[in-house]
Each structure stands twice: as structure tokens, then as C-alpha cells.
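A quick write-up on the structure given underneath.
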Amino acid sequence: MSTTTPSSVAEPTTAIGKTADFLDQRTKVGVLAKQLVRKVFPDHWSFMLGEIALFSFVVLILSGFFLTMFFEPSMALTRYENEHPASMHGELMSVAFASTLDMSFEVRGGLLMRQIHHWSALIFMAGIVVHMMRVFFTGAFRKPRELNWLVGVTMLILGLLAGFTGYSLPDDVLSGNGLRITDGVVKSIPIIGSYLSYFIFGGEFPGEHIVPRLFTLHILVVPALLLALIGVHLFLMVLNKHTQYPGGGRTNNNVVGSPAVPAFATKMGGNFFIIFGVLALMGGTMAINNVWNYGPYDPSPVSAGAQPDWYMLFLEGSLRLMPGQTEYVIGGYTLSLNILIPAVVIPGLLFTFLFVYPFVEAKVTGDHREHHLLDRPRNVPVRTGLGVAFLTAFIILALAGSNDLIATHFSLSINTITWVFRFLFFAGPVFAFWITKRICLGLQRKDRELVLHGHETGRIVRFANGEYIEVHRPLDEQERWLRVNYDAHAPLEIEPATDARGVKRKGYKQDRRWQRLSRFFFEDRVEPVTPAELAAAHSHGEHDELESAHTAPELVSGSGNVEREH
């Protein structure tokens with residue numbers, strides 16, 4: 001008979017150790033912590049773009065918590081009696097506007113917090129946009145990350161909503177004009193528009209309830225949804241592992257980089273403090289949204305040069321470019337196409353493009369594999385061209401939203417500027433797509449030349465028979481692998497229109513449409529260099545005698561050793 005005694009396990013002695021041991025024995029949190037600590041993150045500066053959005057959101061939450069304690073979301077009227085600013089003394093205004101003035105001039109640090117909050121919102125949206133650009137152009141939305149892309153697009157829309165509800169709260173002339181535009185856009189929706197406007201504003205515009213309702217959305221509903229989606233976004237990133245750029249030793253089955261702790265965590269911590277410091281510096285030195293310059297909202301004045309924040313300029317520009325004659329009365333109902341198309345249809349098309357693109361590309365490629373290595377944008381010319389065309393349309397609309405400022409600053413006709421932007425909105429994206437696609441194809445051909453012949457060295461060699469050649473330096477394995485390891489998808493092949501018995505095949509028309517779209521994507525393509533092509537390019541007959549240059553007498557232009565020609 002034998003007895004066994006449990007092996008002795010070192011017991012924690014510190015308070016932190018005992019607490020961690022207590023939690024680990026009851027929740028197994030140690031297993032999760034170990035996995036997270038050991039998780040590897042790739043090293044590349046572009047992966048920090050998403051962190052800019054994340055940390056700006058953290059600053060938004062912190063500064064917004066401070067502002068919430070002093071802001072009064074009420075549209076009740078009051079007379080402002082405080083000393084500063086002098087221009088507002090004795091003015092009749094809403095309580096919301098008065099509390100904004102008090103926050104700016106009476107609360108210590110209030111103006112600084114307001115400006116940090118506003119700059120954080122602008123940087124937050126910029127971070128989302130540039131992060132999504134990186135994801136789009138490198139193909140990081142492909143399987144298994146389609147859901148994460150949809151989460152990101154939804155977060156972009158919620159960011160727009162957060163910004164709109166935020167800068168509408170002070171109830172100044174600028175924000176009031178924005179709400180007036182919103183009311184017009186809602187009313188332009190056929191049949192239900194007027195009912196929606198009455199529901200949103202609690203009566204005829206502006207009503208007495210819109211600021212409290214926007215306040216609830218701004219501090220509660222939208223942040224809660226954003227926090228939930230950020231959690232889902234990060235969870236999916238950890239679950240699917242991080243994408244990485246192609247390079248030596250990097251495959252779809254591994255991640256090359258630094259562990260989460262301490263390397264990546266240290267970088268994230270440093271990045272947070274840098275972002276926080278920059279936002280604090282901007283808030284302390286760059287004035288923004290000085291509402292006392294505009295005054296409390298009054299429906300009668302509409303100031304020139306009034307503009308929303310940059311991420312809403314595309315909507316403003318879309319409205320300014322649309323001709324005003326496209327308004328019709330049908331059966332007693334007014335159909336305002338001059339508002340419906342630019343403010344509802346065009347944004348709807350832009351966001352629909354973002355939502356459906358990953359699934360469209362997967363369909364036209366016929367590729368259903370998992371992808372953890374990113375694409376070089378040049379290797380997917382049509383995708384890159386579409387992305388640049390999308391950005392071109394966005395930039396043109398944003399510039400059109402500033403057509404009055406362009407006219408006044410450059411002494412130009414606003415009508416001429418408007419017509420130029422109308423033309424550019426249709427021609428600009430098409431030209432941007434075409435030139436981007438040609439540049440990408442040109443870069444791919446350049447890569448083929450480099451793989452086949454190597455880098456130019458500028459060294460000229462003359463053979464004994466009088467022939468001159470330029471010596472090329474061959475690419476190393478890393479350079480060559482980067483330029484040949486990609487898929488040049490061919491257009492989809494579909495089954496014939498009829499089967500073997502001559503019966504029309506069901507679904508042929510739909511397959512034919514997808515095939516046409518696939519040809520649009522992949523008919524123009526540059527195939528990567530194959531091993532056979534590489535071997536043929538490196539066999540040059542008598543030129544290979546350069547390998548034994550020390551035994552064959554020849555004349556060389558320039559100084560230095562002659563490398564093998566490729």
C-alpha cells in the first residue's frame with residue numbers, strides 16, 4: 001500500500017499575489033491573461049492609426065465627463081447677466097447657450113476642456129477614416145474579417161452621429177443652422193418626412209425638446225453603442241489574430257512581431273500619452289467653436305462662411321452642388337429632389353459601397369480562403385483605384401462645402417466654382433480611378449523588371465567583341481519574394497448557358513453579370529514572375545562569362561569590381 005502526498009505549491013505572500021490567486025482559482029482568469037500576454041502583434045507604424053482613434057475616444061470620454069457636470073440641456077429662455085463675454089451681456093438666450101458661456105468663462109479649465117473635447121472629436125473621426133483607408137487598401141477586410149469591417153463602418157456612422165449631436169448642443173447660430181438643414185433633409189423624405197420631423201423635434205422646428213434629446217443621445221446612447229462596438233472590434237481582432245504585411249518568415253499561419261507584454265503594451269502606453277499631450281496642446285493653443293462670436297440661435301440670421309466640422313463637409317457640399325430646380329409637386333405632395341438626392345441618396349450610396357465591397361470582391365475573385373497577409377495596393381489595381389475614386393468624390397464634396405470661402409478668399413465667382421465642382425464630382429472620380437489603376441499596373445511591371453533583371457548599378461561593361469552592357473545587381477531573396485508572392489486573379493469562368501441536353505441553365509444570367517464584373521476587376525492584370533521565367537532571365541549565354549571576370553581580359557568603364565549580370 002502506498003500513499004501520495006500533494007506536491008508543495010508556493011503560496012503567494014503579497015496582497016496583490018493573494019488577490020490574483022483568489023481570482024484565478026475561481027475564474028481561471030490567469031489562463032486568459034497568459035494568452036493575452038503572449039499574444040504577438042506585428043510591428044508597423046500604420047497599425048498605430050487605429051490606436052489614434054481609440055485613444056482619442058478615451059480623451060473624448062474623459063473630457064466629456066467633465067463638461068457634462070456643467071452643461072444644462074434646456075431650451076428655456078434666460079437673460080445672460082454675467083460679465084464675460086461683454087458682447088453677450090443682457091442678451092436673451094437659451095439656458096443651454098448660457099451654460100456653454102458659463103462653462104467657457106466662469107468654470108476654471110472649462111474652455112480648455114471644451115476645446116480638448118472638440119479637437120478630440122475631430123481627431124477621432126480622422127483616426128477612423130485613415131484606419132479604414134489602411135484596411136481597405138491592404139485588403140485587411142477579407143475573410144475572416146468581414147464582420148470586423150462592418151463593425152468599423154458602423155462605428156464611422158456612429159462617429160458622425162456623435163459629432164452632429166455634440167456640436168448641436170450649444171444652441172448657437174451655427175449649430176441652429178445645422179439643425180435647420182437637418183429638419184429640411186428629414187422633411188424631404190417622401191410621405192413620412194413631415195411626421196419624422198415632428199417626432200424628432202417634438203413639434204414644429206425648433207421646438208423645445210431637441211437639445212435635451214440630442215444631449216441624451218450624445219452622452220448616453222451613442223457612446224454606449226461605440227463602447228460596445230469597440231469591444232466587439234477588439235475581440236474580433238484578438239480572435240482572428242492580427243494581419244501583417246508580407247515579408248520574410250511571414251505567412252498566413254503565423255504572426256511575426258512583439259509580444260503584448262511588455263513590448264507592445266509599452267508602445268501603446270507611450271502612444272496614448274503622446275496623443276493625449278498633443279490634444280491638450282491643441283486645446284490650449286488653438287481656439288475652436290467660439291460660440292460667443294456667433295450668438296444664440298435665431299432663425300432669422302444665416303451667416304456667410306458657416307461650415308460644419310470637416311467630416312460633415314461632404315454633406316454640406318453635396319447640398320450646395322445640387323441644382324434647386326429639381327423640386328416637383330405630385331398629387332399635392334412636394335418631392336424635393338434638390339434635398340433628397342444630395343443629403344439622402346448620395347450618402348446612402350457611399351456608405352452602401354463601404355458595407356458591400358468585401359462581399360463583392362470575394363464574389364468576383366471566387367476566393368474563399370482565409371487571408372492574414374496584407375496586399376500591396378499596387379497588386380490589386382482596381383480595388384486601389386476604387387478607393388482613390390471614393391476619396392476623390394469625398395474631397396470634392398468637402399471642397400464644395402467651402403465654395404463661399406473659396407470665392408471670397410480668391411476673388412472668384414461662386415457660380416463658376418459651383419459649376420466646376422459639379423463637373424469634377426462626376427469626372428474627378430473616373431479620372432482618379434483610371435490614373436490610379438494605370439500607376440498600379442506600371443508599378444507591377446516595374447517589379448517584374450526588377451525581379452527578372454535586378455537593380456541598375458550604372459556600371460557599363462564592354463566585351464572583347466565591342467559589345468556594351470549594363471551590369472545589374474540581383475535582388476536578394478526577401479526583395480524577390482515580396483514582388484512575386486501575390487495572386488493575380490483571373491476573371492471568373494462560368495458554365496455554358498445551356499446544359500448537355502440544350503436546356504437553358506438556371507442562374508446563367510446572374511452568373512454572366514458576375515463574370516462581367518469580374519472582368520472589370522481582373523481583365524487588366526500583371527502576372528507575377530514564375531520560376532521558369534526567372535531561370536530564363538538569368539541565363540544570358542556569353543554574358544555569364546562575367547562570373548569569371550578575373551580570368552577573361554576585358555575593358556571596363558569605371559572603377560570597382562564587376563558583379564554578375566542579371
Side-chain angles (χ1 to χ4, degrees), residues 53-54 56-61 63-65 67-68 71 73 96 117-129 131-132 149-172 174-189 192-193 196-197 199-202 205-207 209-233 289 307-319 339 342-355 394 397-398 401:
L54 175 63
S56 298
F57 184 72
V58 173
V59 177
L60 272 172
I61 295 296
S63 56
F65 177 77
L67 299 177
T68 303
F71 182 74
H117 190 73
H118 204 126
W119 281 118
S120 299
L122 300 182
I123 300 300
F124 172 64
M125 290 304 301
I128 291 180
V129 170
H131 177 61
M132 291 187 65
W149 171 259
L150 298 182
V151 169
V153 177
T154 306
M155 288 172 60
L156 175 63
I157 296 174
L158 286 174
L160 296 176
L161 181 60
F164 171 75
T165 57
Y167 70 65
S168 299
L169 290 179
D171 199 29
D172 60 304
L174 188 60
S175 63
N177 289 336
L179 288 173
R180 174 80 270 186
I181 294 173
T182 303
D183 178 54
V185 170
V186 173
K187 286 180 177 176
S188 71
I189 301 175
I192 63 172
L196 280 177
S197 173
F199 171 75
I200 292 171
F201 290 92
F205 177 87
H209 307 290
I210 186 62
V211 168
R213 291 178 179 182
L214 291 177
F215 183 71
T216 302
L217 287 173
H218 185 68
I219 72 164
L220 182 62
V221 179
V222 177
L225 292 175
L226 280 172
L227 280 172
L229 289 179
I230 288 173
V232 172
H233 188 73
N289 198 26
Q307 292 181 306
D309 287 334
W310 72 267
Y311 48 84
M312 298 294 287
L313 265 177
F314 78 102
L315 274 176
E316 178 80 9
S318 182
L319 285 166
I339 300 177
V344 179
V345 176
I346 289 180
L349 292 175
L350 293 178
F351 283 107
T352 299
F353 170 82
L354 294 177
F355 273 112
F394 180 87
L397 290 178

Exercise for review: State whether the side chain of Trp149 and the backbone N or O of Leu354 hold a donor-acceptor pair below 3.5 Å, judged by distance alone.
Suggested key: yes
Check your understanding: Got a second to check how far Leu179's CG is from Phe205's CZ, nearest 0.5 Å?
Key -> 5.5 Å
Point to revise | Heavy-atom neighbours of Phe355 CZ exceed 12 at 6.0 Å | key: yes
Check your understanding: Could you give the distance from OG1 (Thr182) to CZ (Phe201), rounded to the nearest 0.5 Å?
Key -> 6.0 Å
Review point. What side chain to side chain donor-acceptor pair (under 3.5 Å) pairs are there with at least one residue in residues 118-128, not counting sequence neighbours?
Key: His118-Asp309
Review point. Could you give the distance from NE2 (His209) to OG1 (Thr216), rounded to the nearest 0.5 Å?
Key: 12.5 Å
Check your understanding: Any side-chain heavy atom of Met125 within less than 4.5 Å of one from Leu156?
Key -> yes
Review point. What pairs with Val185 under side-chain contact (heavy atoms from CB on, under 4.5 Å), at least two apart in sequence or on another chain?
Key: Ile181, Ile339, Ala343, Val344
Check your understanding: Partners of Ser175 by side-chain hydrogen bond (donor to acceptor under 3.5 Å, both in side chains), sequence neighbours excluded?
Key -> Asp172
Exercise for review: Kindly write out the residues that satisfy side-chain contact (heavy atoms from CB on, under 4.5 Å) with Leu315, not counting sequence neighbours, or none if the list is empty.
Suggested key: Met312, Pro347
Check your understanding: With Ile219, which residues qualify under side-chain contact (heavy atoms from CB on, under 4.5 Å), at least two apart?
Key -> Thr68, Phe215
Study note, to complete from the structure: Tyr311 meets the ring pair (Phe, Tyr, Trp, His ring centres under 6.0 Å) criterion, sequence neighbours left out, with none
Point to revise | Pairwise salt bridge (charged side-chain N to carboxylate O under 4.0 Å, His left out) hits with a residue in residues 176-185, at least two apart | key: Arg180-Asp183, Asp183-Lys187
Check your understanding: Is a side-chain donor or acceptor of Gln307 paired with a backbone partner of Gly401 at a separation under 3.5 angstrom?
Key -> yes
Review point. In Å, rounded to the nearest 0.5 Å, how long is the span from OG of Ser318 to CD1 of Ile346?
Key: 3.5 Å
**Study point:** Test ring pair (Phe, Tyr, Trp, His ring centres under 6.0 Å) applied to Phe353 - qualifying residues, sequence neighbours left out
**Key:** Tyr357, Phe390
Check your understanding: Looking only at heavy atoms, what is the nearest atom pair of Arg213 and Gly202, with distance?
Key -> NH1-N, 3.4 Å
Practice item. For the residue pair Phe124 and Ile128, establish whether any side-chain heavy-atom pair is separated by less than 4.5 Å. Key: yes
Check your understanding: Do any N or O atoms from the side chain of Thr154 and from the backbone of Leu150 form a donor-acceptor pair under 3.5 angstrom?
Key -> yes
Exercise for review: List in chain and number order the residues that pass side-chain contact (heavy atoms from CB on, under 4.5 Å) with Ile230, two or more places apart in sequence or in another chain; answer none if no residue qualifies.
Suggested key: Leu54, Phe57, Met155, Leu234
Point to revise | Contacts of type side-chain hydrogen bond (donor to acceptor under 3.5 Å, both in side chains), residue Ser168, not counting sequence neighbours | key: none
Revision key, fill the gap. Minimal heavy-atom distance between Leu229 and Val151, with the atoms involved, is O-CG1, 3.6 Å
Study note, to complete from the structure: Nearest heavy-atom contact between Pro73 and Pro212 is O-CG, 3.1 Å
**Study point:** Residues which pass side-chain hydrogen bond (donor to acceptor under 3.5 Å, both in side chains) with His131, listed by chain and number, not counting sequence neighbours
**Key:** none
Just distance, no hydrogens or angles: give the donor-acceptor pairs under 3.5 Å from side chains in residues 157-167, sequence neighbours left out.
from: Thr165; atom 1: OG1; to: Leu161; atom 2: O; distance (Å): 2.9
from: Thr165; atom 1: OG1; to: Ala162; atom 2: O; distance (Å): 3.0
from: Thr165; atom 1: OG1; to: His218; atom 2: ND1; distance (Å): 3.1

